[in-house]
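Keep in mind it's a predicted model, so treat the numbers as computed, not measured.
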Amino acid sequence: MAGSRPVSPSSGLPVRPVAARSGDDDPVDRETAELRVPLLDRPLASYYLLLSSAGLLLLLGLVMVLSASSVRSYALFGSAYTLFIRQAIWVGIGLPIVVAASRLPVRAFRAFAYPLLAGTVFLLMAVLVPGIGSVRGGARQWIVVGPITIQPSELAKIALVLWCSDLLVRKRRLLADPKHLFVPLVPMFLFIDLLMLLEPDLGGAICVTVVPLTILWVIGTPKRFYGAVLGSMILAASVLAVVEPYRIRRLLSFTDPFADASGDGFQAVQGIYALSTGGWWGDGLGASRAKWPEVLPAVHTDFILAIIGEELGLVGSLVVVGLFGVLGYAGLRIAHRSDDLFVRLAAAGVTAWIIVQAVVNMGAVVGLLPITGVTLPLVSFGGSALLPTLAALGMLLSFARSEPAAVKYLARRAEERRVARAERAGARRRPRLPGRRARRPDLELVPADGPDIASGTGGRVTGTGRSAGRPDVSSS
């Protein structure tokens, strides 16, 4: 009927429209109206999309690290759970970092930018020094301090996100001049790329380069300048691929890995076999045959997606792809909905870093991209990669809470909780009338000198059995 008011589906009572609500409306009406808002239009939609997708990827990663590493863990340490326990410890360390980062204000992240970048550059130079950097697989990428292994290239990603974003925000009024737009941003990240290529770590250098390129795009770099920078970097990458024989062999084996299935294409071929044997639903959790040491190397790090495809099938692999898609959508949504330029740049940089790294890893496993030794974020084994990623996700959660609609909603919810606590505290207090003493319990005592109670005592009896207000006549 025209002009009729909406009706609550639970109570059948008319509900006041959202536009007509005032500050002192009934909370039931407000809650009913909020329930009718689409999920993606709610104030904390970005927060929960990011939290749920990252949490599910982290949980799936723990399960798959246990499955993929069990055989190697038993062969190396005598227990099938050693590598899984290490990963679980890293997750246990990382979760408080996420919680702490999600509660920090934006100015705290800007304060970390320069110290973190300076520390990262120092570690990247230190890892190249013989005796400090640890060599594994022909690359000097790690610093071992007791039981802790540090990979400085992973810190470089979040350090560049914070530093590039803060630098461009400080120079925002000067960015019309290309000199201020590119200096010192471009020389700095090229210097970091050079240090990583000396390790060598080509995959890490690719993921690090994505961060400043994304931030330059979001800030609005003119297309002719952006194209010049991008073209120069593609040319430099081509030269680096040609001058090193092993890189050109890897590129050629990527185009046809089956041409040298027992040589340079061995890892790619075994990954494709593992994915293909999984079918639609997989062979079952823990039933992978490719995780045995002589079949597929790096199954719990670079090629963990192959084990997911073999054990959980195409459906499980698509779930992983879908979760990364949700995470990427949430990150870009946060960047789009924020009014703070630093938040927009940093959110876009973190999202590009995580999604591009996931695409490079998954593309290598399925044979669409060359193998670069890049891990799958949140899923692969390794604390050096996991902790910076969790810190970056905690920062994104903080940015999601700083969206204008989220700030208003959280402030209103905090006020409602404060009022509710005050009401509960008031209900626990026993009300007293002003000027009156608390009533003592009636002990039904009988006065020693008879039941006669003096007037004006209100029927009260003293502790000695005499009425209050009567003279002491016991000695007369």
Under the criterion salt bridge (charged side-chain N to carboxylate O under 4.0 Å, His left out), I'd like the reasoning laid out for D339 against R344: C-alpha separation, chi angles, the key distance, then a yes or no. CA-CA 8 Å; D339 295 333; R344 290 204 299 268; 5.6 Å; no
Using the side chain to side chain donor-acceptor pair (under 3.5 Å) rule, take S46 and R333 through it: C-alpha gap first, then chi angles, then the decisive distance, then the call. CA-CA 7 Å; S46 304; R333 175 189 168 99; 2.5 Å; yes
Full working for side chain to side chain donor-acceptor pair (under 3.5 Å) between E310 and S288: CA-CA 6 Å; E310 185 180 9; S288 169; 2.5 Å; yes
Could you walk me through whether R418 and E415 pass salt bridge (charged side-chain N to carboxylate O under 4.0 Å, His left out), step by step? CA-CA 5 Å; R418 186 191 66 78; E415 178 64 19; 2.6 Å; yes
I would like to know whether T221 and F182 meet side chain to side chain contact (heavy atoms under 4.5 Å, CB included); could you show each step before the answer? CA-CA 9 Å; T221 302; F182 293 116; 3.8 Å; yes
Candidate pair R337 and E403, rule salt bridge (charged side-chain N to carboxylate O under 4.0 Å, His left out), full reasoning: CA-CA 6 Å; R337 292 166 68 93; E403 292 180 5; 3.1 Å; yes
Full working for side chain to side chain contact (heavy atoms under 4.5 Å, CB included) between D283 and R289: CA-CA 10 Å; D283 295 335; R289 293 180 292 274; 3.8 Å; yes
Under the side chain to side chain contact (heavy atoms under 4.5 Å, CB included) rule, what do I89 and I93 come out as? Steps first, then yes or no, please. CA-CA 6 Å; I89 291 173; I93 296 173; 4.1 Å; yes
Assess whether salt bridge (charged side-chain N to carboxylate O under 4.0 Å, His left out) is satisfied between D166 and R170, documenting all intermediate values. CA-CA 6 Å; D166 182 72; R170 292 175 186 271; 2.6 Å; yes
Full working for side chain to side chain contact (heavy atoms under 4.5 Å, CB included) between M188 and W163: CA-CA 10 Å; M188 176 56 71; W163 180 76; 3.6 Å; yes
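Nearest heavy-atom pair, S317 versus G309, reported as atom, atom and distance to 0.1 Å: OG-CA, 3.3 Å. Among all heavy-atom pairs drawn from V295 and F266, the shortest one is O-CZ, 3.1 Å. Here the shortest heavy-atom pairing between L396 and I334 reads O-CD1, 3.6 Å. Nearest heavy atom pair, residue R72 against residue A298, reads NH2-N, 4.4 Å. Nearest heavy atom pair, residue Q141 against residue P200, reads NE2-O, 2.9 Å. The two residues S380 and V65 have their closest heavy-atom pair at C-CG2, 4.2 Å.
With rounding to the nearest 0.5 angstrom, the CE atom of M395 is 5.0 Å from the CD1 atom of I158. Put simply, CD1 on I304 and CG on N361 are 9.0 Å apart, with the number rounded to the nearest 0.5 Å. Distance check, rounded to the nearest 0.5 Å: CZ of F225 to CG of L181 gives 8.5 Å. Note that CG of L190 is 5.5 Å distant from CE of M233, once rounded to the nearest 0.5 Å. In this structure, NZ in K291 is found 7.5 Å from CD1 in I307, a value given to the nearest 0.5 Å. Here the SG atom belonging to C164 is positioned 9.5 Å from the CG atom belonging to L345, to the nearest 0.5 angstrom.
When side chains are defined from C-beta on, T82 counts as touching S79, because their heavy atoms get closer than 4.5 Å. In this structure the side chain of F399 never reaches within 4.5 angstrom of the side chain of L50, judged on heavy atoms. Residues V210 and V356 meet the side-chain proximity criterion, which asks for heavy atoms closer than 4.5 Å. In this structure, the side chains of L312 and V320 stay at 4.5 Å or more apart for every pair of heavy atoms. With a 4.5 Å cut-off on side-chain heavy atoms, P152 and V121 do not count as touching. Two residues are said to be in side-chain contact when any heavy atoms from C-beta on lie closer than 4.5 Å; P377 and F324 meet this criterion. Using a 4.5 Å heavy-atom threshold, the side chains of L397 and L393 count as separate. Here the side chains of T120 and K157 are not in contact, with every heavy-atom distance at 4.5 Å or above.
Within the cation-pi definition used here (under 6.0 Å to the ring centroid, within 45° of the axis), R110 qualifies as a partner of F342. For R86 and F77, the positive end sits near the middle of the six-membered ring, less than 6.0 Å away and at most 45° from its axis.
Between the side chain of Y47 and the backbone N or O of S398, no donor-acceptor pair lies under 3.5 Å. No donor-acceptor distance shorter than 3.5 angstrom exists from the side chain of S338 to the backbone of A335, with no hydrogens or angles considered. In terms of modelled atom types and a separation under 3.5 Å, the side chain of T277 and the main chain of A274 share a donor-acceptor contact. Side-chain atoms of T372 never come within 3.5 Å of backbone atoms of G203 as a donor-acceptor pair (strictly under, hydrogens ignored). Checking side-chain atoms of Q267 against main-chain N and O of L296 turns up no donor-acceptor pair under 3.5 Å.
F122 CZ: 12 or fewer foreign heavy atoms inside a 6.0 Å radius. Within a 6.0 Å sphere centred on OH of Y81, other residues, nucleotides and ligands contribute 12 heavy atoms or fewer. Atom OH of Y273 sits in a sparse spot, with 12 or fewer heavy atoms from other residues, nucleotides or ligands closer than 6.0 Å. By the neighbour-count criterion of 12 heavy atoms within 6.0 Å, atom OH of Y74 is sparsely surrounded, having that number or fewer from other residues, nucleotides or ligands.
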